[in-house]
Engineer: 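Below is the structure I would like to discuss, written out as structure tokens.
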Amino acid sequence: MDRTGKDGDTVKLLKECDSGIKMGISAIDDVIDDVKNTEFKSLLRDSKAEHEKLKSEITGLLNQHNDEGKDPNPMAKGMSWIKTNMKMAMDRDDTTVADLITDGCNMGTKSLSRYLNQYKSADTKSRDITGRLVRIEDRLVTDVRQFL
């Protein structure tokens, strides 16, 4: 399949969203069992559910383009896992989790914003989904500030 022009940018943007959303879900899974505050744990569960719902939409759109999506970069995933486990080993509290989630969301929104600029020809639907994902990440950063 031709991956140039509008269709190419659309698929590339959706694949980056797919990769980022998988990374976000994985990050929440990595820390949620360590969260003590019930409100914080509920907030993470709700955010994970939002991520999973959006992931379903992305998967559907990728299927329409006969594409399987994209897994997170193994090096980035490994580095994230190491950082999470090192920080949690030093201090296993909600403040540490909030810090890790904030860092992850900020990296995600930065990457997604870069991809929106890079894949300017992507269709409106994929650009909208990317914007929704950025808003989910931004809202999570705002919501977890009270636990920093």
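Please read these numbers as outputs of a predicted model, since none were measured by experiment. All values below were derived from every heavy atom in this structure, side-chain atoms included, with hydrogens, water molecules and symmetry-related copies excluded.
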Engineer: Linking I/L/V/M/F/W/Y whenever their side-chain heavy atoms sit closer than 4.5 Å, directly or via other members, would M88 and I101 fall into one cluster?
Structural biologist: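 Linked, M88 and I101 end up in one cluster.
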Engineer: Walk me through it: do K36 and D93 pass the test salt bridge (charged side-chain N to carboxylate O under 4.0 Å, His left out)?
Structural biologist: CA-CA 7 Å; K36 292 160 191 70; D93 67 9; over 6 Å; no
Engineer: Does N117 use its side chain to pair, donor to acceptor, with the backbone of S113 at less than 3.5 Å?
Structural biologist: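 Yes: the side chain of N117 pairs with the backbone of S113.
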Engineer: Answer yes if the side chains of S26 and D29 hold a donor-acceptor pair under 3.5 Å, and no otherwise.
Structural biologist: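 Absent: no donor and acceptor within the cut-off.
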Engineer: Is a side-chain donor or acceptor of K41 paired with a backbone partner of V35 at a separation under 3.5 angstrom?
Structural biologist: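 Side chain of K41 to backbone of V35: a pair is present.
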Engineer: Who clusters with W81? Use side-chain heavy atoms, under 4.5 angstrom, across I, L, V, M, F, W and Y, and order the result by chain and number.
Structural biologist: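 I82, M86, which link up through side-chain heavy atoms under 4.5 Å apart, make up the rest of the cluster.
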Engineer: Quick one: does any side-chain atom of N106 pair with a main-chain N or O of T102 as donor and acceptor, under 3.5 Å?
Structural biologist: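 At least one qualifying donor-acceptor pair exists.
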Engineer: Under a 3.5 Å distance rule, please check whether T84 uses its side chain to pair with a backbone N or O of S80 as donor and acceptor.
Structural biologist: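 Yes, because the side chain of T84 sits within donor-acceptor range (under 3.5 Å) of the backbone of S80.
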Engineer: What distance do L54 atom CG and I21 atom CD1 have between them, rounded to the nearest 0.5 Å?
Structural biologist: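 Going from CG on L54 over to CD1 on I21, the span is 4.0 Å.
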Engineer: At what distance, to the nearest 0.5 angstrom, does CD1 of I28 lie from CG of L43?
Structural biologist: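 Reported to 0.5 Å precision, the distance equals 9.0 Å.
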Engineer: Determine the minimum heavy-atom distance between V31 and V97, stating which atoms define it.
Structural biologist: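 Closest approach of V31 to V97: CG2-CG1, 3.6 Å.
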Engineer: Applying side-chain contact (heavy atoms from CB on, under 4.5 Å) between T109 and each of D138, L133, L140, I136, report the one that passes.
Structural biologist: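 Checked D138, L133, L140, I136 against T109; only one passes side-chain contact (heavy atoms from CB on, under 4.5 Å): D138.
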Engineer: Does anything in residues 24-50 pair up under ring-ring contact (aromatic ring centres under 6.0 Å, His included), and if so which pairs, sequence neighbours excluded?
Structural biologist: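 Counting only pairs at least two positions apart or across chains, the ring-ring contact (aromatic ring centres under 6.0 Å, His included) contacts touching residues 24-50 are F40-F147.
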Engineer: Are side-chain heavy atoms of L116 and L112 found at a separation under 4.5 Å?
Structural biologist: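 Sidechains of L112 and L116: no contact.
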Engineer: In the hydrophobic cluster built from side-chain contacts under 4.5 Å, what are the other members alongside V141?
Structural biologist: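 Besides V141, the cluster holds no residue at all.
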Engineer: Check salt bridge (Lys or Arg N to Asp or Glu O under 4.0 Å) between R92 and all other residues, then give those that pass, not counting sequence neighbours.
Structural biologist: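 Partners of R92 by the salt bridge (Lys or Arg N to Asp or Glu O under 4.0 Å) criterion, ordered by chain and then number, come out as D34.
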Engineer: If only side-chain N and O atoms count, and only distance matters, is there a donor-acceptor pair under 3.5 Å linking D123 with S126?
Structural biologist: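 D123 and S126 do have a side-chain donor-acceptor pair below 3.5 Å.
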Engineer: Linking directly or through intermediates, with side-chain heavy atoms under 4.5 Å: list the remaining ILVMFWY members grouped with M79, chain and number order.
Structural biologist: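 Once heavy-atom contacts under 4.5 Å are chained together, M79 belongs with M75.
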Engineer: Could you report the tightest heavy-atom contact between D18 and K70, atom names first, then the distance?
Structural biologist: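 In terms of heavy atoms, the two residues are closest at OD2-N, 2.9 Å.
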Engineer: Pairs in or reaching into residues 102-114: which pass salt bridge (charged side-chain N to carboxylate O under 4.0 Å, His left out), with residues at least two apart or in two chains?
Structural biologist: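 Qualifying pairs, neighbours excluded: K83-D103.
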Engineer: In sequence, state the C-alpha distance, the side-chain angles, and the governing distance for E68 and K15, and then conclude on salt bridge (charged side-chain N to carboxylate O under 4.0 Å, His left out).
Structural biologist: CA-CA 8 Å; E68 297 174 7; K15 286 174 81 159; over 6 Å; no
Engineer: Can a donor-acceptor pair be found, under 3.5 Å and without considering hydrogens, that links the side chain of D94 to the backbone of N37?
Structural biologist: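 Judged by distance alone, yes, a pair lies under 3.5 Å.
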